[in-house]
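What follows is one structure encoded as structure tokens, with my remarks underneath.
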Amino acid sequence: MEDDAPVIYGLEFQARALTAQTAETDAIRFLVGTQSLKFDNQIHIIDFDDENNIINKNVLLHQAGEIWHIGASPADKAVLTTCYNKSEFSLYPSDSRVVSCAAVWRMPSDWETGSHESPDDSAHNPQTLELLCHLDNSAHGNAACVLWEPMGDGKRVISLADNHALLWDLQESSTQATVSSTATLEGKGQLKFTSGKWSPHHNCSQLATANDTAIRGWDLRTMSQIYCIENAHGQLVRDLDFNPNRQYYLASCGDDCKVKFWDVRNVQEPVKTLEEHSHWVWSVRYNHSHDQLVLTASSDSRLILSNMVSISSEPFGHLVDDEELSEGEDNHQEDKGKEPLTDSVVSTYEEHEDSVYAAEWSSADPWLFASLSYDGRLVINRVPRALKYRILL
Amino acid sequence: MPTFSTSTKRRVHGMLKLYYGLNEEGKAADQPESLDPCDINGPHFDPEVYLNKLRRECSLGELMDQESCMVKQIRSLDSDMQTLVYENYNKFISATDTIRKMKNDFKKMEDEMDCLSANMAAITEFSACISGTLQDQHTQITKLSGVHTLLRKLQFLFELPARLNKCLELQAYAQAVSSHRRARCVLQQYSHLPSFKGIQDDCHAIMDKLAQELRQKFRDGGSSAKDLSECVELLLQLDEPAEELCDKFLSHARSRLEMDLQGLEAEIRPFPSTPVESEAPGGPARKPSSAVATDILEFIDRGCNEFVSSLCLVITSYQELFINHAQTGELASKNIPQMANGKLHAFVDDLAARYFSLVERRMQEEKGVGDNSLLVRALDRFHRRLQAVAKLLPGSSVPNQGTEIVIRAATERVKQYLAALQSFYMDSLTDVRQALAAPRLAVAGASVAAGGALLGGPASGRDAPTSLPELLSSLSASILNQIKSVLASVHLFTAKDITFSNKPYFKGEFCSQGVRESLVVSFIKFVCQSSRQFCESAGDKGGSTPPALLLLLSRLCLDYETSTISYILTLTDEQFLVQHHSPVTAVTTLCAEAREAAQKLLNHYVKVQGLIISQMLRKSVETRDWVNTIEPRNVRAVMKRVVEDTTSIDVQVGLLYEEGVRKAHSSDSSKRTFSVYSSSRQQARYAASYTPSAPMDTNLLSNIHKLFSERIDIFSSVEFNKVSVMTGIIKISLKTFLECVRLRTFGRYGLQQIQVDCHYLQMYLWRFVSDENLVHFLLDEIVGSTAHRCLDPAPMEQSVIEVICERG
């Protein structure tokens, strides 16, 4: 079984922000935000045609500044949030400053049609994002990321800014945002959230955040801390992800080159630790449907797909075999050829030349994922067929 | 006539000669028989011839003379003859007298003989007469004497009760029993007679009383073993049920043995009694020491002397009484030996089990590993004394259990040694840690000096060089010594003069599994294991293990891999003559493990050191406002610090690891201009990136560059040499620098500052790494990324950068 070759797409600018278009479940679509200090930044809408192995791109202008984080609304395909740096450059050096902001945007309704009419012109004549509202947090500091309520109706977002977590209610078609509640991280020193994740479990009432080497869980109803994993990683924690099927399971990654899997009911020890990368791990993502598949991106320019069978929600290897064993010898013979899967690295992807800061699964095709390296290279890959059939059959 | 006369004369002459015992031969022997007829004395003398001869030869005168001479001779001969005849006659007369006298005497005698025979006949007659009359009386007397003996026996019987009573009073039990035994059969036989029945009953009553008393005595238990056995013997003779006796005997013995056991038990916990004993008057110096803790040898000694020897005594007397004795007597038929034997086994097993449990408890208290010989000697004694039991009681499980205890104690001891070794190892590590902490200042001072003298020449850390290798060698030597001494101690278990050393366990399993695997191999594994733990537990915190310790341990593990492990194992195999019956861990496996640990430690060292430098760089990048920074005038202090630290790390690593190979340097590496971002090319590059028409060029250039350089694994394994270690550390630091720079936004002077810093790093770091291009590449990346992140990218002139850097 040959696997399809990866599809590579190059952006003109450096880029860190990548997301799948969460609300879109038919087309394989990713959004990439660029980082350029000099030029107008862009949001590339990457459509992947699975059958023909072709990429279609559309570009929207994001003139507000360079994009550090991007998030797509789970309810409305056209709505997205960005965290961006606004540089106010002045010729007098002391006047220059860089501010991090967050905003909710709407894509122009005809971006798709426009691109179809003149695909070649899109770069020259890009349309502009429509600003819905600012998540104005100047009082709270620089925004690090904005999180949509998973599987929600697109009315609630959380933004992490310095040491505050702000829960916003979006009203009037998201044109107005009001802070409904806040949580503040108290402690000595300058504490700063680096990233966070809104748990899809427990009625979306939990949030996990990372600051320095600690991971904290928050209850959104009371905005109070519910657990804290001190020293989750030896160094900075870069990213988090919740297992979509097991409510207490959480994956984290960080500068100690490790990926750790936690059961938040026991914060003393990780359930499992992976140490496959040779530099900082910037992103960790569970597959939305098959939570044994875990994607990690690292600044060693590699993307690694791991198969964590032992801690997945699916029955673990020989459990199934045991049941079949009782049925008869014949089954047993067959099973022998198919030894139970063990935790393993499925594949290491080396298509990137620079640090890979983001990786995302497609929201439409569970076997497909995209990764983005700093030099602006987006690579779309698939889960190897052999593994796919083994999981499915 | 003359003829006649001569013949007659001759005949008489011959007879006379015969009478006097003179034969002719005798004479002839004296002088040759002369046949000369002229010899007057010869037998063939012929007077005629003789006369003729004389007449012919001799003159007259001579004849006259001859004649006179002859007459004289004849005269003398005649007188002789006369005398002889007279004498013979006298003799004849006296002989005749004698014969006559004899004749008279014989006659007298004959008469007396006749008289005698007559008398004898009379006597015979009388005797026959007397015996005839006495016959009846004789038979009567015989009968009477028979009756007399019977009566005496009867008297004995009748007196028996009284006698028994008396015996009882005098406590002469043995006599009583023997008396009774003599009478018993008779009484039994005649018990149908009322009188005998009475006696029998009386006797029974008395004997019962006696038995009672014996039992009482038996039960009281105060008596000695000898008394006791006598008691039992008597009771047995009294047909007392043997089973009951066995039980009683054993229970009695048990109570005494249990006292011994209690004594032993009290020794196990001597502490409650200590105050009392120590306050006792007398030698206060001696008492407490004995009271506080009797050592194991003393304990076992006491156990052996008191318990085991009493046990042996009990077994012997028991066997004597119930088994050997019974086998000969009538008791044998009742299967008593088997029964008694069974009871004895159960008894011995039970008590031995208790004894063993005590011994084991005592053994467990034997935690200290100071003097193993004491324990071995104690165990030896313990084992040896149990052999006595084995001899007395073949088929008993006691000796085997004893051996098992010895084995357990030995394995326990091996475990303790392992624990001791481990704690020794950890203690030595603590010492090393302290030693490392103490000269810390010296090392730091040296490194500062080295940093300052960088341009002047090679780094001179004079305090540090002596300490690290010395620490390593002393650590290594002390561990090795400890292992050796432990091996020597353990070796005592297999010494030739120890009784249990020839057990198969101590010959085989103990050596291979016990000593080699559980002790030596486990310890080596522990060393590797604990080393790995240093990497894991301390790794996340970073600072808890001093990096120098990691480096030292790494070298230690590497040394183990190259030589020490095989040395230790060879030593063990030689000392214990290990025969590998069961599979044992191979030297190669251990070496691999040690190498892995060494690798892991070194990697971790690189990581930790890299992290320390990374943190400095990261802080310096993160905390600065790069947009509004001022124009660079100096290299930032943190860069100097980085170079200093790197230099001191270099010195530190150089103490323990060899230099390693590096790629050939370019002729003057420190003076190298940064071609990639040197002013001319850089301008072109940036210019390109800011032309809207060709935005791809930026990436193109860097991508092309990357195509030709190898992918760099940042946290990769390092080799066991200095250059590789330093390369690893520098890689980690610079990559951190790069990533941090990418997260920031820079102003013009921010970029210029980074340029200056990178140039400074370039000047000093190339010398540490295996491939200077690596440093170049990473620094290029940093400056390139900074330029990308710069709002107003106006790079500084290379010459200015050089001037600033050279100014320091």
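Numbered from 1 within each chain, the chains take letters A, B, ... in sequence-line order.
Here A:Ala251 pairs with A:Phe261, A:Val284, A:Tyr286 under the side-chain contact (heavy atoms from CB on, under 4.5 Å) rule; sequence neighbours left out. Every residue meeting the side-chain contact (heavy atoms from CB on, under 4.5 Å) condition with B:Arg595, not counting sequence neighbours, appears here in chain and number order: B:Leu558, B:Glu561, B:Phe720. Qualifying ring pair (Phe, Tyr, Trp, His ring centres under 6.0 Å) partners for B:Tyr605, counting only residues two or more places apart in sequence or in other chains: none.
Of the listed residues (A:Asp255, A:Asn85, A:Leu37), the one with the most heavy-atom contacts under 4.5 Å to chain B is A:Leu37.
Taking the charged nitrogens against the carboxylate oxygens, A:Asp354 and A:Arg377 have no contact shorter than 4.0 Å, which rules out a salt bridge. In this structure, A:Glu275 pairs ionically with B:Lys607, as a charged nitrogen and a carboxylate oxygen lie closer than 4.0 Å.
Looking at B:Arg789, the atoms closer than 4.5 Å to chain A (heavy atoms on both sides) sit in the backbone and in the side chain alike.
Using a distance-only test at 3.5 Å, with no hydrogens or angles considered, a donor-acceptor pair links the side chain of B:Thr786 to the main chain of B:Ile782.
Shown are A:Glu351, A:Glu350, A:His279, A:Glu276; of these, the side chain to side chain contact (heavy atoms under 4.5 Å, CB included) with A:Arg302 is made only by A:Glu350.
Inspection of non-hydrogen atoms places B:Lys735, B:Thr736, B:Glu739, B:Cys740 of residues 733-741 of chain B under 4.5 Å from chain A.
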